[in-house]
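Scroll down for the structure; my scribbles are underneath it.
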Amino acid sequence: MNAQTKIVAADGWTAHDGGDCPLPYETLIQVRFRNGIEDRKAHFAGFWATGLRDAWRHQGPRDWHIVAYRFVPVAPVVNLPARHDRIAAERAALRSVAA
């Protein structure tokens, strides 16, 4: 199945029928194995492409071949240092008004 013909199911799963890892290795995903088990933990796609048991290429035990994957939503990153700077400035302004 090539990239143009991949179909994403309503629940977000994309079928995979073997071959190279279809995603950049740093992409956070969940996978479904041939035995029906879904790994609910978020792993980088590259995690499943290492060693002699490359689950993407359907190497190793047949039950543990990746047959589908879905993306894990990533929460936005909050710029904490900037927020702390703003809070510190607000506190300093309150102290100067109170003095």
Please list, chain by chain and in numerical order, all residues satisfying ring-ring contact (aromatic ring centres under 6.0 Å, His included) with Phe47, sequence neighbours excluded. His43
Heavy-atom closest pair, residues Trp56 and Ala45: NE1-O, 2.9 Å
Rounded at 0.5 Å granularity, tell me how far CG in Asp17 sits from CD1 in Ile66. 12.5 Å
As an exercise, state the distance from CH2 of Trp13 to CD of Gln30, rounded to the nearest 0.5 Å. 5.5 Å
Trp48 and Tyr69: ring-ring contact (aromatic ring centres under 6.0 Å, His included), yes or no, with the steps? CA-CA 11 Å; Trp48 301 108; Tyr69 62 90; over 10 Å; no
Under 3.5 Å, side chain of Arg70 to main-chain N/O of Thr14, donor-acceptor pair present? no
Which atoms form the tightest heavy-atom contact between Val72 and Ile29, and what is the distance? CG2-C, 3.5 Å
Distance under 6.0 Å and angle within 45° of the ring axis: does Arg34 meet both against Trp64? no
Could you go step by step and tell me if His58 and His16 meet the side chain to side chain contact (heavy atoms under 4.5 Å, CB included) rule? CA-CA 10 Å; His58 294 176; His16 179 72; 4.1 Å; yes
Atom pair CG/CG of Asp54 and Asp20 - distance to nearest 0.5 Å: 8.0 Å
Mind checking whether Phe44 and Leu28 have side chains closer than 4.5 Å, heavy atoms only? yes
Can you hop from Phe71 to Val67 via hydrophobic side chains spaced under 4.5 Å? no
